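Please read the structure below before turning to the comments.
None of these values were measured; they are calculated from a predicted model. The chains referred to below are lettered A, B, ... by the order of the sequence lines, with proteins before strands, and numbering in each begins at 1.
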Amino acid sequence: MSIEKTLALALQQSLRELYNIDIPADAGLIQPTRKEFEGDLTIVVFPYVKLARKAPDMVAKEIGDKLCASVDFISGYNVVKGYLNLSIADSFWNEQLHAHFRDTAYGQAERLEEAPILIEYSSPNTNKPLHLGHIRNNLLGHSVSQILIACGHPVVQVNLVNDRGIHICKSMVAWLRYGNGETPESSGMKGDHLVGKYYVVFDQHYKEEQKELIEKGLSEDEAAQQASIMLEAREMLRKWEAGDETVRKLWQQMNQWVYAGFDATYNRLGIRFDKTYYESETYLLGKALVQEGLDKGVFYRHEDGSVRVNLTDEGLDEKVLLRKDGTSVYMTQDLGTAQLRYGEFQPQKMIYVVGNEQNYHFDVLKLVLGKKLEKEFGNSIYHLSYGMVELPSGKMKSREGTVVDADDLMDDMVQEAKNGTEALGKFDFPEDEAAALYEMIGLGALKYFILKVDPTKNILFNPAESIDFNGNTAPFIQYTHARIRSLLRKADGQEIDINGPIAENCELGTEEKQLIKTLYRYPQVVLAAGDNYSPALIANYIYDLAKQFNHFYQETPIFKEEDAAKRQLRLQISQWTATTIRNGMKLLGIDVPDKM
RNA sequence: GGUUCCGUAGCUCAACUGGAUAGAGCAGCUGCCUUCUAAGCAGCAGGUUCUGCGUUCGAGUCGCAGCGGAAUCACCA
């Protein structure tokens, strides 16, 4: 049982005995003591003073006495203005150290026997390469998956590729018209970039043509509708839906190029999916659900023939679920894929990692499935809604070329890592090792930069300023880890057996105790990160830990320490710290080096 | 216009879900490499937490109003 839980129960007991007050066992307000006060854990007694009808300090004192007597690891207490600061005995912290410092899986909860959590993320369109916004999505999805696994949950990671639709047809038309048979091989371009290039080409010609038509006297709307290149794209989509062989073949060819490109990017990011869905295979799903809603009378057929749902009672609007020509809209297939997945995995929860621009869509999806169709799985849908990545100039727009390309950015970061390393004069690496290190540092810096921010908030990225490598960054944390590994190598070289006989109840210095307290907290941070779907909690914790370690490292000699027990203690704390950093960073999808 | 979200140091972000004197990094200024890796450590400076009213023993956090910004309100996805 955790120390907080033990204390909460003891507090509940004390309040009952002292004042006949009943509080829930988990309601005790217990927090780490602020460092400017003496003590380790603090109980705020204000909530009880009214019921106890005594002064705050008196209540704190009485509870303090009671807890001292009933909990053996409390070694003392002090009271400051209604705050009861409890001191925990060194022996308790020593026990924690000895119990965990060797555990390479520290922070991994026992696997729960339960239904899996399904998480969908990435979900790219196949008409353009990934940009920084997609990177945030991918990193979040991957990291939250790792965190949930660390919390003990079985997790199924899925991707839903949007491989069909008018946007892909645009690339296809432009490639046919202007491509001269260009391929990734012939051009040396990554496949997703090549297809993205023709998406832009389409837009350029489309705009030119519109301009010409407007000069001939057409209205803007008419020009947008009648431009020949757009008519061609529409015809292409119609043929695709009719199963036209030539169109399907070209479509497959160009999508294959894109997938090869995506795979390379996913690999570099360290991302893998358990299952990939393709919209070309799922876009017809959901029509049965729409019919079911009609039969139940919760949907209705509008006079123009479309099927709609009225959500005005819920504070939302009317929503079209099926076009008047009977074809699907986005919502239709999302209804269908939710049902499909539920049937396949019986997940306890379905998480969708999708930007907050789609909040409305998911509100509707949940309401329609849960409340209107009364599907149990509708209520298990959770929209992990994250903020946009913005540039100083505003939102990124693919067609206007104001996007930060994912592959380019990764290249830049790795180059930056190389420059930085060389500027610091660290050259003692073989070439292949150095390349791997730059990759680790560069991508680490990028991933951490994104993940340390609360997912719900927007991120501002300024391409003119490179991402930092100092301070609250991955390289700082990676460096701290490398330092510790260096210490441990040195211990090994001196044939000091860290795991050997353990000094019982070593007296703890301030820095040592502080580190143990922080390390002890890690599993709770992982659980909190899981509850809140927030890698940022892990990132901020690991930074705090690394910072504390560097302080300790500076203040406290290890190999110069003559007392063997103390040296042993410090090495054990160091090892526990290294493991926790490694495991925590792993949850962010970031690797840490042994040397840097 | 309706709905939702956001507003904390010059900049980028924290603040354990209502608790003690709001903390970090970057940028600026000072020190520390014959000593376990200076991508580090220590220090200085920087705040009316957008404004006002309210609830509370206690508000950056909750409520109301205003100001400013973003998203959304498609038979696009």
Checking contacts here: which listed nucleotide ([options]) is nearest the side-chain heavy atoms of [X]?
{"X": "A:D454", "options": "B:rG40, B:rA14, B:rA77", "result": "B:rA14"}
{"X": "A:E357", "options": "B:rC73, B:rA71, B:rC41", "result": "B:rA71"}
{"X": "A:N125", "options": "B:rA77, B:rC73, B:rA39", "result": "B:rA77"}

Closer than 3.5 angstrom, by distance alone: can the side chain of [X] be matched with the main-chain N or O of [Y] as a donor-acceptor pair?
{"X": "A:N458", "Y": "A:M388", "value": "yes"}
{"X": "A:E390", "Y": "A:F461", "value": "no"}
{"X": "A:N78", "Y": "A:E38", "value": "yes"}

Between [X] and [Y], does any side-chain donor sit less than 3.5 Å from a side-chain acceptor?
{"X": "A:Q358", "Y": "A:Y352", "result": "no"}
{"X": "A:S385", "Y": "A:N359", "result": "yes"}
{"X": "A:N550", "Y": "A:Q554", "result": "no"}
{"X": "A:E511", "Y": "A:T556", "result": "no"}

By nearest-heavy-atom nucleotide on RNA chain B, the more 5' of A:P475 and A:G315 is A:G315
Between A:D317 and A:N458, just flag the one whose closest nucleotide in RNA chain B comes earlier from the 5' side.
A:N458
Touch check for [X], heavy atoms < 4.0 angstrom, all strands: base, sugar-phosphate only, or nothing?
{"X": "A:E279", "value": "sugar-phosphate"}
{"X": "A:N127", "value": "nothing"}
{"X": "A:L460", "value": "sugar-phosphate"}
{"X": "A:I459", "value": "sugar-phosphate"}
{"X": "A:R521", "value": "nothing"}
{"X": "A:N462", "value": "nothing"}
{"X": "A:K560", "value": "base"}
{"X": "A:T556", "value": "base"}
{"X": "A:M388", "value": "nothing"}

Hey, what are the protein-to-nucleotides 4-9 of chain B N/O distances that come in under 3.5 Å?
none

A:K452 charged N/C atom sitting above A:Y543 aromatic ring, 6.0 Å / 45°
no
Is the charged tip of A:R136 near the ring of A:Y386: under 6.0 Å from the six-membered ring centre and within 45° of its axis?
no
Rounded to the nearest angstrom, tell me the gap between atom NZ in A:K319 and atom C1' in B:rA74.
7 Å
Rounded to whole angstrom units, what separation is found between the NE2 atom of A:H383 and the P atom of B:rU72?
12 Å
With a 3.5 Å cut-off and heavy atoms only, can you find an N or O donor on one side and an acceptor on the other between the side chain of [X] and the base of [N]?
{"X": "A:K595", "N": "B:rU37", "answer": "no"}
{"X": "A:T421", "N": "B:rA39", "answer": "yes"}
{"X": "A:K452", "N": "B:rA14", "answer": "no"}

Which residues in residues 483-491 of chain A have a heavy atom closer than 4.0 Å to any atom of RNA chain B?
A:R483, A:S486, A:L487, A:K490
Summary of protein contacts for nucleotides 17-25 of chain B, nucleotide by nucleotide, where a base hit scores B, a sugar-phosphate-only hit scores S (4.0 Å, heavy atoms):
B-BBS-SSS
Partners meeting side chain to side chain donor-acceptor pair (under 3.5 Å) with [X] (sequence neighbours left out):
{"X": "A:T332", "result": "none"}
{"X": "A:S574", "result": "none"}
{"X": "A:K517", "result": "A:D40"}

B:rC32 versus B:rG69 - spacing of their P atoms, nearest Å
49 Å
Distance check, C1' atoms only: B:rG54 and B:rU61, in whole angstrom units.
15 Å
I'd like to know if A:R238 and A:E241 make a salt bridge, using a cut-off of under 4.0 Å between side-chain N and carboxylate O.
no
Compare side-chain N and O positions of A:H167 against OP1 and OP2 of B:rC76 and report whether any pair is under 4.0 Å apart.
no
State whether A:Y360 places a side-chain N or O below 4.0 Å from either non-bridging phosphate oxygen (OP1 or OP2) of B:rU72.
no
